[in-house]
There are 2 protein chains.
Amino acid sequence: MLHVAEAARVSVATVSALINGTATVSPELSHRIEQAIRDIGYKRNAIARSLKMGTTRTIGLTVPHITNPFFTDVVSVIQQAFDRAGYAVMLCCTDEDLNTQDDQIKLLLDRMVDGLIVARVGDGAILKRIVDDANVPVVLLDRICKGVDTDAVVLDNQRAVFDAITYLINLGHRRIGYITGTSDISPMHDRMAGYREALHAAGLPIAEELIRFGNFHEIDGYNATMQMLSSHDRPSAIFSANNPMVIGTMKAIRDIGLSCPEDISVACFDDFPWSDVFQPQLTTVAQPVQAIGEQAANLLLDRLAGNRDAPPRKLLLKGRLMIRNSCRPLGAMAQSVSA
Amino acid sequence: MLHVAEAARVSVATVSALINGTATVSPELSHRIEQAIRDIGYKRNAIARSLKMGTTRTIGLTVPHITNPFFTDVVSVIQQAFDRAGYAVMLCCTDEDLNTQDDQIKLLLDRMVDGLIVARVGDGAILKRIVDDANVPVVLLDRICKGVDTDAVVLDNQRAVFDAITYLINLGHRRIGYITGTSDISPMHDRMAGYREALHAAGLPIAEELIRFGNFHEIDGYNATMQMLSSHDRPSAIFSANNPMVIGTMKAIRDIGLSCPEDISVACFDDFPWSDVFQPQLTTVAQPVQAIGEQAANLLLDRLAGNRDAPPRKLLLKGRLMIRNSCRPLGAMAQSVSA
DNA sequence: AACGCTAATCTAAACGTTTCGATCATGTCA
DNA sequence: TGACATGATCGAAACGTTTAGATTAGCGTT
């Protein structure tokens, strides 16, 4: 900018005024400055501007795994929304690890992001501090964090799983395997609550050996399914509380020589683009990803626009059971077993 | 930092020296400074640091669509690699649009990223300028751009499709539909070349009505497939040059009342996690996503580490045909047709 | 006692913007 | 003609760091 000012024989203040339109500049000087900008190929240094202005027009976004189709979609929507608003997005993947997440949030704050969208956080001590210090607005995604009182958009996880399990029960299933992630993360906790609630409401016992914990990855789903299917009294249906793990479930079913839905019914949380193309077409709980992403972006953009003092807003969205053909009725079979 | 210095009764230079370890600070002052940092809760301002140092420890990454599983995986690998190296990643999605891409690259450069990984770029004028001005190192991904001489990691697309089409030909297929994205983008161009080369090598004619252009999205694959299947002389196999479009192909086959592979064989570019779980298990060309992401990250990190003057390095990786059960031999059927 | 050497610390100038208040020319009004 | 409002332009301080070079103190040599 200094060079531009010199070349145009004006002060830097005038150049800045022209660029930002913050003051009127005479046509003559305007012309000289524009010429100089072109000649030199000047580009404003956004870092210096950020330093002076105290805003980077950048937000931070952390998700557990971008390869999980739910997060892929949400990230995509959020990125588009902020792109439209002229913001850049810094993306971090936490690998479901609390320490990693805290580190990455620190990394983002170091870089002076103007706001933060944090997906699926555990009870991070850092996060609590951040929100309390209230330097930047934070939106929680997919998770409400006890003690952290801030904007959030989450799914009614318990209800969604309740509906799915109830559907299986109505099909005649009595022994329903449940594969979940570690339950220190609230969606996992709430989904499990939905499972228990549905069994309870139907007057069914809860068999603890049918509940398996994994670490969100395909291999965990595989192992959990293998264990359940190897038992003498195996379940007639399996519900997986996340999407990557259900791939493991399907592979285990295949490897053990069974088939879905003939031998065993399967359903899972989170829809994916292929779900109704291949066989079996998987019955899933679909989250409204578009709405989730947009709402989260809107909440944050609203804060960034200056609405800092409004009380925290919690948005609770509803999941939708996408019934396809991976679950079959168990009427006849249930009778023959009990006979 | 000023406050810390005052509280510790030292100069800011000493504080800086301690924080960065750039000079020895006596134990006594160290202790006072550390105490002050804790008391005040001081955090270094990375923006000011970037301004002074001329480096942001941030890189920019642009991809066409993060929802395309190939790019999802690559983004994930790259993000991890830079996270390990202490860099942040700014992510942009260009939606396959050249203007969007140029805008986003400008956005990233404005923010003074230290380097850039650009996936699947067209012949962007901006990109050429950027690389020529050589302010920041650039790595091209999935694409070599004529006239832009910089580091790149790409697949041998022509060879990969040649292998896939040859496989179909060896199964007895003679009329093979080909669905591609707009061919101004080099992978699409090269893949098409592989298709033509394979037909040519087998002495088969190229039926232009079997080549359909789409815009990379599911709906385009759907429409293209519908058109081909509605003709009186429909193909016995379809190859889709990208992954989202093959979903459309499968849906069109289903909607028109045919089934794969019984009535029509299908294969496509890019593997995905579900490919061997459901039926039909799709035959695909798998790219070595892990290697691609890592190599790209390494090339850029090497430049960032100071190796600026090395000549541009082009890495050419090989695809791998993953043969599953979505393509069936056509021997008997071909005879009955020709009879 | 004068000197030089080393280690610790500080002063002040940069980095590239924005912006407040000052300056200055010009035209208007009494 | 003098006072004054208006509009355009500028000078300089500030944002929070890093760092080159200056300063100071302590200590061993001669």
Side-chain angles (χ1 to χ4, degrees), chain A residues 1-37 40-58 86 88 106-114 133 135-136, chain B residues 1-37 40-58 86 88 106-114 133 135-136:
Chain A
M1 185 181 250
L2 181 62
H3 297 124
V4 171
E6 282 170 357
R9 304 187 306 282
V10 299
S11 77
V12 290
T14 311
V15 177
S16 177
L18 177 66
I19 290 176
N20 297 307
T22 49
T24 42
V25 177
S26 70
E28 189 191 330
L29 291 204
S30 295
H31 181 258
R32 289 219 306 263
I33 293 170
E34 280 161 3
Q35 184 68 43
I37 287 177
I40 296 182
Y42 166 78
K43 302 212 59 188
R44 175 166 69 189
N45 182 322
I47 297 296
R49 178 164 220 264
S50 292
L51 177 59
K52 184 65 191 173
M53 305 284 277
T55 164
T56 53
R57 287 194 82 77
T58 300
K106 271 189 242 165
L107 178 96
L108 292 169
L109 290 176
D110 279 354
R111 282 174 173 70
M112 302 270 119
V113 291
D114 290 344
D133 291 357
N135 299 321
V136 301
Chain B
M1 187 181 255
L2 182 63
H3 298 125
V4 172
E6 281 170 357
R9 302 188 306 283
V10 299
S11 77
V12 289
T14 310
V15 177
S16 177
L18 177 66
I19 290 175
N20 297 306
T22 49
T24 41
V25 176
S26 69
E28 188 191 331
L29 292 204
S30 295
H31 181 259
R32 287 218 308 263
I33 293 170
E34 280 160 3
Q35 184 68 43
I37 287 177
I40 296 181
Y42 165 78
K43 301 214 57 187
R44 175 165 71 188
N45 182 323
I47 297 296
R49 177 165 221 264
S50 292
L51 177 60
K52 183 66 191 169
M53 305 283 276
T55 165
T56 53
R57 288 194 83 77
T58 300
K106 272 189 243 167
L107 178 97
L108 292 170
L109 289 176
D110 279 354
R111 283 172 172 71
M112 303 270 119
V113 291
D114 290 345
D133 292 357
N135 298 320
V136 302

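A note on names: the letters A, B, ... follow the listed sequences, proteins ahead of strands, and every chain is numbered from 1.
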Over all atoms of both residues, closest heavy-atom pair of [X] and [Y]:
X         : Y        : answer
Asn45(B)  : Leu51(A) : ND2-CD1, 4.4 Å
Ser50(B)  : Ile47(A) : CB-CG2, 3.9 Å
Val25(A)  : Ala17(A) : CG2-CB, 4.2 Å
Arg111(A) : Ala88(B) : NE-CB, 3.4 Å
Met112(A) : Thr56(A) : O-OG1, 2.7 Å

Next item on the list: Report the residue (Val10(B) or Asn45(A)) whose heavy-atom-nearest nucleotide on DNA chain C is the more 5′ of the two.
Entry: Val10(B)
Notebook entry, point to check: Which residues within residues 12-21 of chain B lie with some heavy atom under 4.0 Å of an atom in DNA chain D?
Noted result: Ala13(B), Ser16(B), Asn20(B)
Check: Are any of Ser26(B)'s side-chain N or O atoms less than 4.0 Å away from OP1 or OP2 of dT9(C)?
Finding: yes
Nearest-Å distance for atom pair [atom1]/[atom2], residues [X] and [N]:
X         : N       : atom1 : atom2 : answer
Leu2(B)   : dA12(C) : CG    : P     : 14 Å
His3(A)   : dT17(C) : NE2   : P     : 10 Å
Asp110(B) : dT17(C) : CG    : P     : 11 Å

Item checked: side-chain contact (heavy atoms from CB on, under 4.5 Å) assessment of Arg32(B) paired with Arg9(B) -> CA-CA 8 Å; Arg32(B) 287 218 308 263; Arg9(B) 302 188 306 283; 3.5 Å; yes
Notebook entry, point to check: With sugar-phosphate meaning primed atoms plus P, OP1 and OP2, does Leu29(A) contact a base, only sugar-phosphate, or nothing at under 4.0 Å between heavy atoms?
Noted result: sugar-phosphate
Note to self: Any side-chain to backbone donor/acceptor pair from Thr14(B) onto Val10(B)? Under 3.5 Å, distance only.
What the structure shows: no
Item checked: Lys/Arg-Asp/Glu bridge criterion (N-O < 4.0 Å) met for Asp110(A), Lys43(B) -> yes
Note to self: Using a 4.0 Å cut-off to any heavy atom of chain A, which nucleotides of DNA chain D are the first and last in contact, reading 5' to 3'?
What the structure shows: dA8(D) to dG16(D)
